[in-house]
Amino acid sequence: MRLYITTAIITLIVLIGIIGYQQKSGLDSTLPIDEEQGGLNDQIVINFSHIVAEDTPKGQTAIKFAELLEQKTDGRIRVVIYPNGLLYNDNNELDALERGDVEMIAPSFSKMTTMLPTWQVLDLPYLFHTEDEVEQVLTGPFGEQLLNQLGRFNIKGLAFWNNGFKQILSSGEPILTAEDFEGLKVRAMPSKVLQQQFKLFHATPFATSFDELYTELEKKELNAQENTISNIYSKGFYKLQKNLTITNHGVLGYAIMMNEDFYNSLPSDLQEEVVQAINEATAWNFEHSKQMNDKDLESLQQISDVQINTLSNDEKQRWQKLFKPIYDNYRKQVSETFLQEIEKEINKK
Ligand code: LMR
């Protein structure tokens, strides 16, 4: 009995203490929940990881997409962008997406070719001649067909974005002919087609991940690389490799992908907004990517120790002939029909 009375007294003292503290500190459990705070709890966050700088076609289009989606959903969805490989890099972003550790990534289509060999078709050198052709293929039925192949990996393929045409950057002597590649170590993304290009020119391709490229260049073991001007400028590669040759020999583009379970978990009205925002951001990307690369080329032209050359037309024609075995290989080892289809799409105009 005495124990019962003691417990009751202690409980009463504690309760009086709590009420006193709430009154003193202004806390009142009967106060309505802060509306804004409640809204934030319901907010859906899309973490979007990519590996390039913000001031690039991919970086800027990701920002555009985030703005559009937040506007369209009145803040019900917030897109948090992690550029520069802050969250994931080339080596782990795809696994993270498949596991659902990140909701969105945007790797180059070349980096998807191990998983989907048919996608190598997009890497074929001198397949595309203009930005319009790139847009026609990547935003048309052919691009859609490629994106649909992602379904079997628990990935929702949302769109392709463009960066632009790739050029050659080198240390030592400028690259003006196919023979200038002989014996060089050349960084290229891990796509069989890209690697084969340089093997045909008697160079050794080397597939380092993008976030390690600057450090690799500092070791002075890599003699050349292929990349777009916006990547070369924004990452400062030109500080270590000072010869730029305008070759426009291939295209760098991106597959914009979302974890499929995450996409399916969104209410259907929000799924529609995601698709709308992606479509508008994609249109913006194709309108602005060339301008961004042109602007960075102008900046490089202002830097006195960067030498800029353009591959001659004769040499370009030689390269096209020399690259023919890559097309033959694709036809034989991957898909004849895919190549025919993309060529038909390009020649539609
Ligand atoms: C590269 O590795 O050079 C590119 O894929 C980087 C990028 O995403 O633009």
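Atoms within a ligand are numbered from 1 in the order they appear, just like the ligands themselves. Note that the structure is a prediction, hence the values are computed from the model and not measured. For this chain, numbers begin at 1 and follow the sequence in order.
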Q: Check step by step if side-chain contact (heavy atoms from CB on, under 4.5 Å) holds for Leu150 and Lys156.
A: CA-CA 6 Å; Leu150 291 166; Lys156 168 94 182 152; over 6 Å; no
Q: Would you mind telling me if ligand 1 is within reach of the side chain of Ile51, the backbone, both or neither, using heavy atoms under 4.0 Å?
A: side chain
Q) Between the candidates Met189, Gln225, Arg187, Lys166, which shows the shortest non-hydrogen contact distance to atom 3 (O) of ligand 1? A) Arg187
Q. Is the distance between the ring centroids of Phe338 and Phe142 less than 6.0 Å?
A. yes
Q: Name the option, out of Lys58, Glu226, Lys111, His50, that contains the heavy atom nearest to atom 4 (C) of ligand 1.
A: Lys111
(Q) Within the 4.0 Å heavy-atom shell around Val52, which atoms of ligand 1 are there? (A) 6 (C), 7 (C), 8 (O), 9 (O)
(Q) Suppose I only count heavy atoms of Asn231 and a 4.0 Å limit; which atoms of ligand 1 are within that range? (A) 6 (C), 7 (C), 9 (O)
Q.
Starting from atom 9 (O) of ligand 1, what is the nearest protein heavy atom, named by residue and atom, and what distance separates them?
A. Tyr254 OH, 2.4 Å
Q: In plain terms, say whether Lys332 and Asp328 are close enough for a salt bridge, that is, a side-chain N and a carboxylate O under 4.0 Å apart.
A: no
Q: Step through it carefully: locate the ring centre of Phe160, locate the ring centre of Tyr254, and say whether they are under 6.0 Å apart.
A: no
Q. Are the side chains of Asn329 and Gln196 in touch, meaning some heavy atoms are under 4.5 Å apart?
A. yes
Q. Just heavy atoms, cut-off under 4.0 Å: does Asn227 contact ligand 1 by side chain, backbone, both, or neither?
A. side chain
Q.
I need the contact type for Leu252 against ligand 1. Using non-hydrogen atoms and a strict under-4.0 Å cut-off, is it side chain, backbone, both or neither?
A. side chain
Q: Please check if the distance between the ring centroids of Tyr327 and Tyr126 is under 6.0 Å.
A: no
Q: Mark up the atoms of ligand 1 that fall under 4.0 Å of a heavy atom belonging to Ser108, in ascending order.
A: 5 (O)
Q | Ring-ring centroid check Phe201 Trp319, cutoff 6.0 Å | A | yes
